Amino acid sequence: MDSDRYIMKIDINAFDPDVTFDCGQCFRWDKIDEGIWKGIALGRSLEVKKDGDWLCISGAEKAMEPKLRKYFDLDRDYKPVLEALSADPVLKKAIKFAPGIRILRQEPWETLCSFIISQNNNIPRIKGIVSRLCENFGDKIGENEYSFPEASRLAPLNEEDLAPLRSGFRARYILDAARRVVSGEIDFDALTYIPLADARKILMKIKGVGPKVADCVLLFGCGRLDAFPIDVWVKRVLARFYPDGFPEEFAKYGGIAQQFLFHYARCCPDSGF
DNA sequence: AGCCAGGACAAGT
DNA sequence: ACTTGTCATGGC
């Protein structure tokens, strides 16, 4: 166990697990104790604990560090970004409320599948469906832990096979997405660098993928920080605070801004929502 | 009990 | 191009 336990240095007051894992961008992380989070990512069962300006991670060997740094977005300097966004009074409050939010770079297929499941659904139930998806079709990687099933594992299935998930009308969407990924129609690498509008268009050919889900995939799965998912909460924020549109000057990091606003509106008692 | 959920779709203006 | 009813399930 010692061989797969190590620590990584992070910026002081930067990455905050409590908000990063609990701000609605991921569905496979759970708080198991004060300051300790357990989650499954990159095919591993991980445990994360912040200790000052160090992040302690167990469950992965040292060679995994580059991938983990990318997953947790630890090598991006958020300071100048958040300072720039703070020029806006609403964003300033949102960032002050939870400055340690970081945009995870999750696995694209898992992100696509998870956010298809998320539509017209609440976060606790999304987590339940994703959990059942992994238990039923993922690989056993621990005592009671399962990896996220590959698209190729789901593509041959039919709707009845997915009945145990109790995902409702979303089952056929999951299958359509899996098949398009397996066929090569969806190329996640290309989605990271082609024009944003083109990337959205490609994703939206999948049944059950509209503008919101497409933007979530591009932001959380492809690292497109200019993607700006608009859900019911963000819609409320925009209507109240930005009736003339979201400031164009922030578009480059709109995804980051969006995530702070989403969490602020949902979780801050003083946000007015 | 009833409203709502990190929406999308199809049918209707 | 914009609006509306519907979709399956269950959290609160």
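Basis for what follows: all heavy atoms, side chains included, without hydrogens, waters or symmetry-related copies. Bear in mind the structure is a predicted one, so any value in this text is a computation, not a measurement.
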* Write down the distance between CZ (A/Arg200) and C1' (B/dG7), rounded to a whole number of angstrom. => 13 Å
Please tabulate, for side-chain N and O atoms in residues 209-216 of chain A, each donor-acceptor pair with protein atoms closer than 3.5 Å (sequence neighbours left out).
residue  : atom : partner  : partner atom : Å
A/Asp215 : OD1  : A/Arg200 : NE           : 2.8
A/Asp215 : OD2  : A/Arg200 : NH2          : 3.1

Side-chain polar contacts of residues 18-25 of chain A - donor-acceptor pairs under 3.5 angstrom, sequence neighbours left out - could you list them?
residue : atom : partner  : partner atom : Å
A/Asp18 : OD1  : A/Trp37  : NE1          : 2.8
A/Thr20 : OG1  : A/Asp16  : O            : 3.0
A/Thr20 : OG1  : A/Gly100 : O            : 3.0
A/Thr20 : OG1  : A/Arg102 : N            : 3.1
A/Gln25 : OE1  : A/Leu104 : N            : 2.9
A/Gln25 : NE2  : A/Thr20  : O            : 3.0
A/Gln25 : NE2  : A/Arg102 : O            : 2.8

* Asked: A/Ile174 has an atom CD1; how far is it from atom P of B/dG7, in whole Å?
  -> 15 Å
* Asked: Within the structure shown, what part of the strands sits under 4.0 Å from A/Gly24 by heavy-atom distance: base, sugar-phosphate, or nothing?
  -> base
* Nearest-Å distance, CG (A/Leu203) to C1' (B/dA8)? -> 14 Å
* Which part of the nucleic acid, if any, lies within reach of A/Glu159 when heavy atoms closer than 4.0 Å are counted: base, sugar-phosphate only, or nothing? -> nothing
* To do: For C/dT6 and B/dA5, measure between their C1' atoms and round to the nearest Å.
  => 15 Å
Interface polar pairs with nucleotides 10-13 of chain B, N/O, under 3.5 angstrom:
none

* What is the nucleic acid contact for A/Cys26, judged by heavy atoms within less than 4.0 Å: base, sugar-phosphate only, or nothing? -> nothing
* Using a heavy-atom cut-off of under 4.0 Å over every strand shown, decide if A/Ile117 touches base, sugar-phosphate, or nothing. => nothing
* To do: Sort and list the pairs that fulfil ring pair (Phe, Tyr, Trp, His ring centres under 6.0 Å) and have at least one residue in residues 38-65 of chain A, not counting sequence neighbours.
  => none
* Stepwise salt bridge (charged side-chain N to carboxylate O under 4.0 Å, His left out) check, A/Asp73 with A/Arg76 -> CA-CA 6 Å; A/Asp73 205 17; A/Arg76 183 187 312 281; 2.9 Å; yes
* Please state the P separation for the pair B/dG6 and C/dC2 - nearest whole angstrom. => 26 Å
* Structure fact -> By side chain to side chain donor-acceptor pair (under 3.5 Å), A/Glu135 pairs with (sequence neighbours left out) A/Ser131
* Would you mind classifying the nucleic acid contact of A/Phe27 as base, sugar-phosphate or nothing, using non-hydrogen atoms under 4.0 angstrom? => nothing
* When every nucleotide of nucleotides 1-12 of chain C is labelled 5' to 3' by its protein contacts under 4.0 Å (heavy atoms), B for base, S for sugar-phosphate only, - for none, what sequence of letters results? -> ------BBBBSS
* Nearest whole angstrom, please: distance from the C1' of B/dG6 to the CD1 of A/Ile129. => 13 Å
* Asked: Sequence neighbours excluded, which residues qualify as ring-ring contact (aromatic ring centres under 6.0 Å, His included) partners of A/Tyr242?
  -> A/Phe246
* To do: Could you identify which residues of residues 225-234 of chain A place a heavy atom less than 4.0 Å from some atom of DNA chain C, listed by residue number, or say none?
  => none
* To do: Return the 5'-most residue of the pair A/Arg266, A/Arg172 with respect to DNA chain B, ranking by each residue's nearest nucleotide.
  => A/Arg266
* If the C1' atom of C/dG10 is compared with that of B/dC9, how far apart are they to the nearest Å? -> 22 Å
* **Between B/dA8 (C1') and A/Asp176 (CG): distance, integer Å** => 13 Å
* How many Å lie between CG on A/Leu238 and P on B/dG6, as a whole number? -> 17 Å
* To do: Tell me, please, which residues at least two apart from A/Asp30 pass side chain to side chain contact (heavy atoms under 4.5 Å, CB included).
  => A/Lys127
* All side chain to side chain contact (heavy atoms under 4.5 Å, CB included) counterparts of A/Pro149, not counting sequence neighbours -> A/Leu133, A/Cys134, A/Phe137, A/Arg153, A/Leu154
* **Sidechain N-carboxylate O distance under 4.0 Å for A/Asp226, A/Arg224** => yes
* Asked: So which heavy atom on A/Ile194 is nearest to which on A/Ile202, and how close?
  -> CD1-CD1, 3.8 Å
* Would you mind listing every ring pair (Phe, Tyr, Trp, His ring centres under 6.0 Å) that reaches into residues 202-225 of chain A, with sequence neighbours excluded? => A/Phe115-A/Phe220
Name each donor-acceptor pair under 3.5 Å that joins a side chain in residues 227-238 of chain A to protein atoms two or more places apart or in another chain, with its distance.
residue  : atom : partner  : partner atom : Å
A/Asp231 : OD1  : A/Val234 : N            : 3.1
A/Asp231 : OD2  : A/Trp233 : N            : 3.2

* Asked: Can you find a side chain N or O atom of A/Arg236 that sits less than 4.0 Å from OP1 or OP2 on B/dA5?
  -> yes
